[in-house]
Amino acid sequence: MNIIVCAKQVPNTNEVKIDPVKGTLIRDGVESILNPDDANALEEALKLKDNSKDVNITVLSMGPPQAEEMLRECLSMGADEAVLVSDRAFGGADTWATSNTISAAIDKIGNFDIIFAGRQAIDGDTAQVGPQIAEKLGIPQVTYVQSFTVNGNEVTVQRQLEDGYETIKVNTPVLLTAVKELNKPRYMSVDGIYSAYSKPIPVWGIEDLPIDKELVGLKASPTRVFASFTPPPKGKGRMLEGSVVEKIAFLINDMSEKNVI
Ligand SMILES: Cc1cc2nc3c(=O)[nH]c(=O)nc-3n(C[C@H](O)[C@H](O)[C@H](O)COP(=O)(O)OP(=O)(O)OC[C@H]3O[C@@H](n4cnc5c(N)ncnc54)[C@H](O)[C@@H]3O)c2cc1C
């Protein structure tokens, strides 16, 4: 079974701080990490590999040259191969152009049974890239995967809902998107780190992909970010005076004025 895991290198947004004077995000010194949902996707692929020698895992990322470091981390966890798709031509892409590029790279890898992506990247936060890749490859997709089993070419998936889950049976080739409840990703192993650093990671640019140049990057992107800004800080807290009944009456009134209730 051939599995492709789509992995994105993202800034560790838990640590992003806001410049109190300029009001902008402080990106300097912010660590880049493997997107958390993608670590869950990779872990699930590795669990399949633990149970069968017949599993080959390729991790695929589109990003700047430094994303190679994150791919080495994935190899150190146990992935077999990694590919970095990197070229200035891909820069500034929105989700549509991103998924064009990634699906072209998947076409080039070829012969896959399962494509795993994270549900969502913690920087762009759109949760669109996985489903768009499936559309462009013309294969079925199941998002919000909280558990699944594989039997031959049949995959049985529990898909997370707000108040439970639904069970879906689907045949390979299929694209799945992972949520964090799926598993706890493993650490890199010492052996894995040694072998990961000696493995070549091919870098594919625009000339290496079976894609029209007009379909990638900023120019091909149907959306444009016109402005970005840091949300204003919340106002000061306010102490309510009076009896409990008066405080509750005040709260109800205040919330209905703000259309919260
Ligand atoms: C107009 C516009 C301009 C933009 N310009 C830039 C820019 O200049 N620079 C920039 O960095 N971003 C830019 N972005 C953000 C960029 O569109 C997103 O980072 C990208 O499309 C992925 O979307 P997302 O982060 O919301 O991923 P999601 O859809 O939330 O990701 C879901 C899953 O898809 C997979 N995935 C997503 N992206 C990748 C990837 N690159 N490689 C491998 N797997 C992936 C992962 O498995 C991930 O968990 C721009 C966005 C817009 C709308």
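Start at 1 and go down the list; that is how both ligands and their atoms are numbered. Positions are given from 1 along the sequence. What's counted below: heavy atoms across the whole structure, side chains too, no hydrogens, waters or symmetry copies.
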Heavy-atom gap Thr223 to ligand 1 smaller than 4.0 Å = yes

Any N or O of Ala121 closer than 3.5 Å to N or O of ligand 1 = yes

Is it true that a side-chain atom of Asn12 and a backbone atom of Ile33 form a donor plus acceptor pair closer than 3.5 Å?
-> no

With atoms numbered from 1 as shown, which atoms in ligand 1 lie under 4.0 angstrom from a non-hydrogen atom of Arg224?
-> 1 (C)

Evaluate the 4.0 Å heavy atom contact test for atom 47 (O) of ligand 1: does a protein atom fall under the cut-off?
-> yes

Does Val85 have a heavy atom less than 4.0 Å from any atom of ligand 1?
-> no

Can you spot which of Val83, Val85, Leu84 makes a side chain to side chain contact (heavy atoms under 4.5 Å, CB included) with Met62?
-> Val85

Kindly confirm or rule out an N or O of Leu218 lying under 3.5 angstrom from an N or O of ligand 1.
-> no

In terms of side-chain heavy atoms, does Thr177 have a donor or acceptor partner in Gln141 at a distance below 3.5 Å?
-> no

Taking N or O atoms only and a 3.5 Å limit, does Asp37 qualify as a polar contact for ligand 1?
-> no

What residue and atom, counting heavy atoms only, is the protein's closest point to atom 52 (C) of ligand 1, and at what distance?
-> Asp94 CB, 3.6 Å

Looking at OG1 of Thr172 and CD1 of Ile3, how far apart are the two atoms once the value is rounded to the nearest 0.5 Å?
-> 10.5 Å

Is it true that a side-chain atom of Ser221 and a backbone atom of Asp94 form a donor plus acceptor pair closer than 3.5 Å?
-> yes

For atom 33 (C) of ligand 1, which protein heavy atom lies nearest, and how many Å away is it?
-> Gly118 O, 3.3 Å

Can you list the ligand 1 atoms lying under 4.0 Å from a non-hydrogen atom of Thr95?
-> 17 (O), 21 (O), 23 (O)

Between the side chains of Thr143 and Arg159, does any donor sit under 3.5 Å from an acceptor?
-> yes

So the atoms of ligand 1 within less than 4.0 Å of a heavy atom of Ile102 turn out to be 39 (C), 40 (C), 42 (N), 43 (C), 44 (N), 45 (C)

Non-hydrogen atom of Gly91 closer than 4.0 Å to ligand 1 = no

Can Glu43 and Lys184 be counted as an ion pair, charged N to O under 4.0 angstrom?
-> no

Among all protein non-hydrogen atoms, which one is nearest to atom 42 (N) of ligand 1, and what is the separation to 0.1 Å?
-> Met62 N, 3.0 Å

Starting from atom 49 (O) of ligand 1, find the nearest protein heavy-atom neighbour and note its residue, name and distance.
-> Asp38 OD1, 2.4 Å

If you look at every heavy atom in Asn35 and Gln120, which pair is closest and at what distance?
-> ND2-O, 2.9 Å

For Gly124, the ligand 1 atoms whose distance to one of its heavy atoms is below 4.0 Å = 24 (P), 25 (O), 26 (O)

Of the protein's non-hydrogen atoms, which lies at the shortest distance from atom 19 (O) of ligand 1, and what is that distance?
-> Lys8 NZ, 2.6 Å

Sub-4.0 Å heavy-atom contact, Ala7 with ligand 1 | yes

Take Lys47 and Asn183 through the test side-chain hydrogen bond (donor to acceptor under 3.5 Å, both in side chains) and record every step on the way to the result.
-> CA-CA 10 Å; Lys47 275 166 49 187; Asn183 54 46; 6.0 Å; no

Proximal candidate to atom 5 (N) of ligand 1 [heavy atom criterion; set Gly63, Ser86, Gly92] = Gly92

Could any protein non-hydrogen atom be found less than 4.0 Å from atom 10 (C) of ligand 1?
-> no

Using a 4.0 Å heavy-atom threshold (strictly under), name the region of Asn35 that reaches ligand 1: side chain, backbone, both or neither.
-> side chain

Atom 21 (O) of ligand 1 has as its nearest protein heavy atom Thr98 OG1, 2.9 Å

Short question: side chain of Asn253, backbone of Phe250 - any donor-acceptor pair under 3.5 Å?
-> no

Say whether Arg119, considering both its backbone and side-chain N or O atoms, lies within less than 3.5 Å of an N or O atom on ligand 1.
-> no

List the closest protein heavy-atom neighbour of atom 2 (C) of ligand 1: residue, atom name, distance to the nearest 0.1 Å.
-> Val225 CG2, 3.7 Å

Inter-residue atom distance Tyr144.OH - Glu181.CD, 0.5 Å rounding = 11.0 Å

State, to 0.1 Å, how close Ala196 and Ser76 come at their nearest heavy-atom pair, and which atoms those are.
-> CB-OG, 3.3 Å

Charged N to carboxylate O under 4.0 angstrom, Lys199 versus Asp80?
-> no

Could you give the distance from SG (Cys6) to CG (Leu42), rounded to the nearest 0.5 Å?
-> 11.5 Å

Check each atom of ligand 1 against the heavy atoms of Asp123 and keep those under 4.0 Å away; list them by number with element.
-> 25 (O)

Roughly how far apart are Trp204 CH2 and Asp87 CG, rounded to 0.5 Å?
-> 14.0 Å

Should one rank Val129, Asp125, Ile133 by closest heavy-atom distance to atom 29 (O) of ligand 1, which comes out on top?
-> Val129

Measure from NZ or CZ of Arg72 to the centre of the six-membered ring of Tyr197 and say whether it is under 6.0 Å with the direction within 45° of the ring axis.
-> yes

Going by heavy-atom distance to atom 17 (O) of ligand 1, choose the closest among Ala93, Ala67, Pro64.
-> Ala93

Backbone or side chain, does any N or O of Ala127 fall under 3.5 Å from an N or O of ligand 1?
-> yes

Taking distance alone, with no angle check, do Leu60 and ligand 1 share an N/O pair under 3.5 Å?
-> no

Is it true that Ser61 lies under 4.0 Å from ligand 1, counting heavy atoms only?
-> yes

Numbered atoms and elements of ligand 1 in range of Gln128, under 4.0 angstrom, heavy atoms = 29 (O)

Say whether, by atom type as modelled, one donor and one acceptor occur between the side chain of Ser52 and the main chain of Asp54 under 3.5 angstrom.
-> yes

From atom 26 (O) of ligand 1, work out which of Thr126, Val59, Ile122 has a heavy atom at the shortest distance.
-> Thr126

Ionic contact status for Arg186 with Asp50, cut-off 4.0 Å | yes

Ligand-residue contact atoms, ligand 1 with Ala117, heavy atoms, under 4.0 Å = 47 (O)

Just jot down the ligand 1 atoms closer than 4.0 angstrom to any heavy atom of Cys6, in number order.
-> 44 (N), 46 (C), 47 (O)

From CA spacing to verdict: side-chain hydrogen bond (donor to acceptor under 3.5 Å, both in side chains), Gln158, Gln146 | CA-CA 6 Å; Gln158 276 188 7; Gln146 65 172 28; 2.9 Å; yes

